[in-house]
Amino acid sequence: TQLLEQSPQFLSIQEGENLTVYCNSSSVFSSLQWYRQEPGEGPVLLVTVVTGGEVKKLKRLTFQFGDARKDSSLHITAAQTGDTGLYLCAGPAGGTSYGKLTFGQGTILTVHP
Amino acid sequence: DSGVTQTPKHLITATGQRVTLRCSPRSGDLSVYWYQQSLDQGLQFLIQYYNGEERAKGNILERFSAQQFPDLHSELNLSSLELGDSALYFCASSVAGTGGTGELFFGEGSRLTVL
């Protein structure tokens with residue numbers, strides 16, 4: 001079973017600060033995805049990284065896939081209160097179905113005004 | 001709005017009972033996935049259907065079953081409910097379901113509370 005470990009579990013910061021969330025595994029993943037989930041809603045896909053060493057940017061969010069494809073990070077620059085939510089990394093759990101995902105336990109981010 | 005509709009949003013029932021959760025995928029999506037989210041286990045994949053056929057299975061309990069109907073909506077049946085089954089159950093859909101990477105669109109979930 002491929003496991004994904006996220007750190008930290010909880011992050012409480014002030015608006016304007018920078019932060020990084022990590023997603024690590026001992027297994028190689030063909031791709032990793034990052035989702036954001038708000039209370040009362042389902043996860044929403046932010047990005048998919050597929051190439052080792054790949055860096056993708058989404059406005060103030062920067063996603064990196066490790067060279068060995070065993071880890072990924074999400075960096076948020078100048079966090080805003082609207083960034084508050086649960087951030088989840090996910091990777092294919094094996095087999096041909098790309099929707100059969102293994103999720104990390106998540107990082108609960110709270111950004112205070 | 002992801003386009004995936006789940007009903008009911010909230011459900012409270014007693015141990016030993018049976019419930020059915022319903023999911024309507026986005027228009028045009030052939031794959032439906034069921035996930036369970038709990039505080040201790042996080043998001044766990046249960047099962048996938050593609051165009052009416054079971055495509056992939058996770059750690060779904062034998063007390064749970066699912067099906068996808070010709071109109072592509074899906075139902076997740078949970079029986080002999082136990083306290084530990086209390087969780088958020090999410091349905092997600094995608095256009096296909098195999099090959100490469102793809103985007104899952106999640107519904108808002110059904111919150112099940114077993115008393």
Engineer: Is the shortest side-chain heavy-atom distance between Tyr35(A) and Leu104(B) below 4.5 Å?
Structural biologist: yes
Engineer: Contact part of Tyr35(B) toward chain A, heavy-atom cut-off under 4.5 Å: side chain, backbone, both or neither?
Structural biologist: side chain
Engineer: Heavy-atom count check: over 12 atoms from other residues, nucleotides or ligands less than 6.0 Å from Leu39(B) CG?
Structural biologist: no
Engineer: Between Gln37(B), Gln44(B), Gln6(B), who has the most heavy-atom pairs with chain A when the cutoff is under 4.5 Å?
Structural biologist: Gln37(B)
Engineer: Does any backbone or side-chain atom of Asp1(B) lie under 4.5 Å from a heavy atom of chain A? Answer side chain, backbone, both or neither.
Structural biologist: neither
Engineer: Does Val19(B) share a hydrophobic cluster with Val32(B), counting links as ILVMFWY side-chain heavy atoms below 4.5 Å and allowing steps through other members?
Structural biologist: yes
Engineer: Give the cluster check for Leu76(B) versus Leu81(B): same hydrophobic cluster or not, with ILVMFWY residues linked at side-chain heavy-atom distances below 4.5 Å.
Structural biologist: yes
Engineer: Need one label for Gln41(B): side chain, backbone, both or neither, based on atoms under 4.5 Å from any heavy atom in chain A.
Structural biologist: backbone
Engineer: Which value, rounded to the nearest 0.5 Å, describes the distance between Leu46(A) atom CG and Glu103(B) atom CD?
Structural biologist: 10.0 Å
Engineer: Working to the nearest 0.5 Å, report the span between NZ of Lys100(A) and CG of Leu46(B).
Structural biologist: 11.5 Å
Engineer: Can you name the one residue among Leu86(A), Leu101(A), Leu88(A) that meets side chain to side chain contact (heavy atoms under 4.5 Å, CB included) with Leu43(B)?
Structural biologist: Leu88(A)
Engineer: Does any heavy atom of chain B fall under 4.5 Å from the side chain of Leu4(A), the backbone, both, or neither of them?
Structural biologist: neither
Engineer: Sequence neighbours left out, cut at 3.5 Å: what donor-acceptor pairs do the side chains of residues 71-79 of chain A make with other protein atoms?
Structural biologist:
| unit_1 | atom_1 | unit_2 | atom_2 | d |
| --- | --- | --- | --- | --- |
| Ser72(A) | OG | Trp34(A) | NE1 | 2.9 |
| Ser72(A) | OG | Gln64(A) | O | 2.7 |
| His75(A) | ND1 | Leu19(A) | O | 3.1 |
| His75(A) | ND1 | Thr20(A) | OG1 | 2.8 |

Engineer: Under 4.5 Å between side-chain heavy atoms, hopping through other hydrophobics if needed: is there a path connecting Phe106(B) to Trp34(B)?
Structural biologist: no
Engineer: What part of Lys57(B) gets within 4.5 angstrom of chain A, counting heavy atoms only: side chain, backbone, both, or neither?
Structural biologist: backbone
Engineer: Under 4.5 Å between side-chain heavy atoms, counting indirect links through other Ile/Leu/Val/Met/Phe/Trp/Tyr residues: same cluster for Phe64(B) and Tyr33(B) or not?
Structural biologist: no
Engineer: According to a 4.5 Å side-chain heavy-atom criterion applied to Ile, Leu, Val, Met, Phe, Trp and Tyr, with indirect links allowed, do Ile108(A) and Phe90(B) form part of one hydrophobic cluster?
Structural biologist: yes
